[in-house]
Amino acid sequence: MSNCLFCEIAAGRIKAEIVHEDDAFIAFRDISPKAPSHVLVIPRRHFDGLNDLVGPDSGAVDGLLAAGVMAAHAEGLAPGGYRFVINCGDDGGQSVGHLHLHVLGGRPLAWPPG
Ligand code: 5GP
Ligand code: ZN
């Protein structure tokens, strides 16, 4: 999709520090990390966000979560634990309109979120 930052990263036209990638998903470091380890996992295919995952596309989240688990292992987060976050829409705090999973870890994370 044109004018989408994460589509541009997926296409390699905008640089990112890639942690892991396959034919369907890419994991790369967040440019403004909120934890010692902060990786974003995106599908190569553009979805605006979670609200797009209905009907035949509802299964897209399965691969996204599996790719997030792989990123957590690759970051060495599995033993200590970590958190997945998917912000959705304005109230959810989503700032980039391409579906993405945050994988956060490397320190104790407070709950509840703000
Ligand atoms: P959201 O707020 O939509 O849930 O998360 C978007 C995330 O993308 C933010 O954590 C932000 O720091 C990150 N981000 C924004 N622009 C860039 C960029 O150009 N490169 C990378 N690697 N991360 C970005
Ligand atoms: Zn996109």
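Order of listing sets the numbers, starting from 1, for every ligand and every atom in it.
- Taking the six-membered ring for Trp and the full ring otherwise, the centers of H98 and H100 sit at least 6.0 Å from each other.
- Those atoms of ligand 1 with a heavy atom of S32 less than 4.0 angstrom away are 12 (O).
- In this structure, V41 and L64 approach most closely via the heavy-atom pair O-CD1, 3.4 Å.
- Under 4.0 angstrom from ligand 1, the non-hydrogen atoms of N87 all belong to its side chain.
- Proximity of E17 to ligand 1 is not established, as no heavy-atom distance is less than 4.0 Å.
- At least one donor-acceptor pair closer than 3.5 Å links the side chain of R44 to the backbone N or O of D22.
- Closest of all the heavy-atom pairs between A35 and L104 is CB-CD2, 4.1 Å.
- Of all the atoms in ligand 1, the ones that sit under 4.0 Å from a non-hydrogen atom of H100 are 1 (P), 3 (O), 4 (O), 5 (O), 6 (C).
- In V85, neither the side chain nor the backbone holds a heavy atom less than 4.0 Å from any atom of ligand 1.
- The backbone of R29, and not its side chain, has at least one atom closer than 4.0 Å to an atom of ligand 1 (non-hydrogen atoms only; backbone = N, CA, C, O).
- Backbone and side-chain nitrogen or oxygen atoms of F28 are examined, and none is located within less than 3.5 angstrom of a nitrogen or oxygen of ligand 1.
- With ligand atoms numbered from 1 in the order given, ligand 1 contributes 10 (O), 12 (O) to contacts under 4.0 Å with heavy atoms of K34.
- The distance criterion of under 3.5 Å between nitrogen or oxygen atoms is not met by I9 with respect to ligand 1.
- R83 places no side-chain N or O within donor-acceptor distance of the main-chain N or O of H102, the cut-off being under 3.5 Å.
- Nearest to atom 3 (O) of ligand 1 among the protein's heavy atoms is S95 N, 2.7 Å.
- Counting non-hydrogen atoms of other residues, nucleotides and ligands closer than 6.0 Å to CG of N3 gives a total of 12 or fewer.
- The minimum heavy-atom distance linking F25 with P43 is given by the pair CD2-CA, 3.6 Å.
- Of all atoms in ligand 1, listed by their number and element, those nearer than 4.0 Å to a heavy atom of Q94 are 3 (O).
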Working for side chain to side chain contact (heavy atoms under 4.5 Å, CB included), residues H20 and I18: CA-CA 6 Å; H20 181 80; I18 293 173; 5.8 Å; no
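- You'll find the side chain of E75 reaches within 4.5 Å of the side chain of V39, heavy atoms only.
- Residues L77 and Y82 approach most closely at O-CD2, 3.7 Å, considering heavy atoms.
- Looking at heavy atoms from C-beta onward, F84 lies in side-chain contact with V103 at the 4.5 angstrom threshold.
- Residues F6 and L99 have side chains not in contact (no heavy-atom distance under 4.5 Å, counting atoms from C-beta outward).
- Those atoms of ligand 1 with a heavy atom of F6 less than 4.0 angstrom away are 8 (O).
- Listed by atom number, the atoms of ligand 1 under 4.0 Å from L5 heavy atoms are 16 (N), 17 (C), 18 (C), 19 (O).
- At the shortest separation from atom 23 (N) of ligand 1 among protein heavy atoms lies I31 N, 3.2 Å.
- Closest to atom 10 (O) of ligand 1, if we only count protein heavy atoms, is D30 OD2, 2.5 Å.
- The number of protein N, O or S atoms lying under 2.8 Å from the Zn ion (ligand 2) is 4.
- Q94 places no side-chain N or O within donor-acceptor distance of the main-chain N or O of L50, the cut-off being under 3.5 Å.
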